Amino acid sequence: MYKNAEELLNLCNAQGKRIWEVALDNEVKLTGMSRTRVMEHFSGRLDIMFNSALKALEQKQATKGGLVDGVANCQYEYSKGESITGGYINYVMSLAYSCSEVNASMGKICASPTAGSCGIVPAVLLGVMENKKVSREKTLEALITASAVGAIYTKNATVAGADGGCQAECGVAASMAAAAAAYMMGASDDRCLDAAGFAMINVMGLVCDPVAGLVALPCAQRNASGAVNALISADMALAGQVAHIPFDQVVDSMFKVGKMLPPQLKETAMGGIATTPAGQAIYKEIFG
Amino acid sequence: MNISLLDVVGPVMIGPSSSHTAGAAKLAKTARLIYDKPFKKVRFGLGGSFASTYRGHFTDYALVAGALGMNEDDERLGQSFEIAEKEGVEFVFYPTEIPSVYENTARITFVAENGDEFFVEGASLGGGRILITNINGLVCELNATMPTVIVQQQDVKGVVSDVSTILAFNNINIGVMKVSRTSRGEKAFCVIECDDIIPENVIEELRQVNNVLSVVVVNIKGE
């Protein structure tokens with residue numbers, strides 16, 4: 001049994017297994033499902049993730065309030081031409097935008113860890129899988145690795161914007177995705193967790209300030225930037241940047257920062273860009 | 001680790017919010033399963049944050065979809081109003097106060113053709129998880145993740161044993177069982193989570209047990 005990253009890594013070392021294997025063993029024990037059944041669930045979820053990441057690339061979705069209609073297509077078209085960060089980064093952003101657009105338009109998504117942050121893990125998994133020619137099998141293992149990282153936050157901190165701000169949603173999603181991306185590129189288990197820690201440190205304190213209270217603005221944009229955060233964090237770990245703060249302590253500090261954030265900045269739409277004149281004008285336009 | 005990975009990467013759902021959309025659909029679907037009779041109208045009393053933010057998160061569409069029997073990942077969820085109209089089911093929303101420690105609460109009242117009413121109260125806890133807190137006046141706490149039997153009985157010896165014997169005889173394994181009572185010798189309740197769906201003949205058998213006052217079954221398919 002493990003309850004945090006340190007204990008998880010100890011189990012990996014003791015049993016000669018990878019993070020995803022130890023986490024999968026635990027899931028089988030916890031749920032009473034067979035290993036095959038759990039893998040079927042993950043495979044089904046990966047399909048739903050990929051579908052939502054691709055659905056809005058060419059087909060604009062109609063969302064409540066119309067705030068994020070066509071955001072995925074906008075970035076996707078741009079990704080085909082000249083850009084500062086290149087076609088790949090812009091394509092990954094468009095995948096994340098697509099999930100958020102599908103979510104805001106009552107389409108089918110897989111929360112990871114939440115609906116508001118549902119674009120980051122799929123965008124990174126699909127983006128790296130396609131670009132680096134990673135097998136589906138290994139991508140599934142990466143998804144389980146990401147889930148194991150998410151479970152550590154769920155257990156020892158929070159993944160609710162109302163409790164911890166956006167760092168607990170898009171921050172955690174980026175942290176999960178960073179570990180997955182590092183795994184897909186052949187990183188060791190502790191390097192995967194370093195990547196997860198870097199991604200969280202990059203956005204620690206990020207507030208949740210939904211305009212008009214809708215899961216749209218700035219959620220979609222933070223899914224796009226969160227996916228990029230995951231990729232660069234994985235690259236930091238793969239480059240060998242030293243993680244001076246152990247992952248468990250990053251998780252702990254994120255939880256404390258979340259507690260310190262005032263309620264106005266935790267999903268109540270009473271602070272941040274939600275209360276800007278433009279944000280309030282949008283609220284009035286939608287809800288009268 | 002006692003957190004399921006499939007809860008971290010999940011639920012699979014219709015957006016935009018796991019608490020306000022998926023949780024709402026699940027709540028209403030569970031209420032319908034508990035009621036399990038035809039109805040012509042359903043009233044949704046919304047409490048807490050449901051009352052103030054239900055429109056932006058499509059909580060209203062999700063509740064109607066659930067009452068019509070749809071799951072939280074049903075892609076027709078966004079058309080639930082039209083589907084209700086086609087099926088001749090009326091629905092209405094109103095703000096209400098539901099005493100609860102939870103933020104997102106709803107009271108779902110089904111009205112039958114003859115005017116009979118039946119209500120279920122519950123809360124959406126976040127991440128698509130729900131808690132049923134009141135079944136037509138019977139105060140309870142059930143997560144509705146497994147098939148569940150709720151027996152209301154006279155607080156006398158032997159009833160719990162009779163009930164569990166019937167389940168065992170019908171090859172139904174009990175996962176979790178909670179017994180509580182209002183006061184000694186008065187009304188008592190058993191909430192029994194089972195590993196298997198409870199067939200109609202078993203429900204009938206439970207109703208025949210001496211001193212059993214009522215039996216409610218929530219046949220949620222567990223994993």
Side-chain angles (χ1 to χ4, degrees), chain A residues 1-4 7-8 23-24 26-27 30-33 37-38 41-42 44-45 48-49 52 63-65 100 102-116 118 121 143-144 146-155 159-160 162 176 210 212-216 219 269 286-287, chain B residues 1-25 48-62 64-65 70-81 102-104 124-129 145-146 173 175 195 222-223:
Chain A
M1 271 299 274
Y2 61 96
K3 62 177 185 299
N4 56 28
E7 293 177 10
L8 174 60
L24 184 59
N26 186 76
E27 186 73 6
L30 182 67
T31 60
M33 283 187 244
R37 188 80 191 103
V38 174
H41 272 294
F42 273 112
R45 280 167 199 210
I48 286 158
M49 285 182 170
S52 64
T63 68
K64 173 92 179 177
S100 293
V102 167
N103 184 54
S105 64
M106 297 193 85
K108 193 187 278 196
I109 56 98
C110 179
S112 49
T114 64
C118 72
V121 171
L143 173 59
I144 301 172
S147 313
V149 168
I152 292 169
Y153 282 103
T154 308
K155 170 111 186 131
V159 298
M176 292 163 64
L214 299 173
V215 189
C219 316
I286 297 173
F287 293 111
Chain B
M1 179 58 66
N2 58 357
I3 307 289
S4 168
L5 301 178
L6 294 170
D7 285 338
V8 176
V9 181
V12 172
M13 52 169 277
I14 301 302
S17 162
S18 61
S19 56
H20 286 64
T21 321
S49 149
F50 267 178
S52 48
T53 61
Y54 74 96
R55 279 210 178 92
H57 292 111
F58 301 105
T59 307
D60 43 0
Y61 285 85
V64 170
M70 291 181 217
N71 288 326
E72 68 269 22
D73 65 346
D74 194 317
E75 285 184 285
R76 299 170 301 157
L77 202 140
Q79 289 96 54
S80 66
F81 284 13
Y102 300 103
E103 185 54 33
N104 295 311
S124 171
L125 309 182
R129 290 175 306 121
T145 51
M146 301 292 287
N173 188 43
D195 290 343
E223 181 55 56

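Sequence lines set the chain letters: A, B, ... in the order given, protein chains first and strands last, and positions in each chain run from 1. All of these numbers come straight from a predicted model, not from anything done at the bench.
Atom CE in B/M13 sits 9.0 Å away from atom CE in A/M106 (nearest 0.5 Å).
Heavy-atom minimum distance, B/L6 versus A/E27: N-OE2, 3.5 Å. A/T31 approaches B/S4 most closely through the heavy-atom pair CG2-OG, 4.0 Å. In terms of heavy atoms, B/G10 sits closest to A/R45 at CA-NH1, 3.7 Å. Smallest separation of non-hydrogen atoms from A/L143 and B/V9: CD1-CG1, 4.0 Å. The shortest non-hydrogen separation linking B/S18 to A/A115 is N-CB, 3.9 Å.
Proximity to chain B (any heavy atom under 4.5 Å) is shown, for A/L8, by neither the backbone nor the side chain. Heavy atoms closer than 4.5 Å to chain B are found in both the backbone and the side chain of A/I109. At a 4.5 Å heavy-atom cutoff, the contact between A/A104 and chain B is made by backbone atoms alone. For B/D74, no part sits under 4.5 Å from any heavy atom of chain A, backbone or side chain. Contacts of A/K64 with chain B are made by both backbone and side-chain atoms, with heavy-atom separations under 4.5 Å.
Partner of B/I3 under the side-chain contact (heavy atoms from CB on, under 4.5 Å) criterion, out of A/T154, A/V159, A/N26: A/T154 alone.
At distances below 3.5 Å, not a single donor-acceptor pair connects side-chain atoms of B/H57 with backbone N or O atoms of A/V215.
The most heavy-atom pairs under 4.5 Å with chain B, out of A/A151, A/G150, A/G65, A/S112, come from A/A151. Interface summary for chain B: among A/G32, A/A162, A/P113, A/S105, the most heavy-atom pairs under 4.5 angstrom belong to A/P113. Between chain B and the residues A/E7, A/K108, A/M176, the largest count of heavy-atom pairs under 4.5 Å involves A/K108.
Annotation: ring pair (Phe, Tyr, Trp, His ring centres under 6.0 Å) contacts of A/F287 (sequence neighbours excluded): A/Y283. Shown here are the side-chain hydrogen bond (donor to acceptor under 3.5 Å, both in side chains) partners of A/T63, two or more places apart in sequence or in another chain: A/D69.
Using a 4.5 Å heavy-atom cutoff, the side chains of A/L30 and B/M1 are not in contact.
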Query - side-chain contact (heavy atoms from CB on, under 4.5 Å) evaluation trace for A/F42 with B/L5 - result: CA-CA 9 Å; A/F42 273 112; B/L5 301 178; 3.6 Å; yes
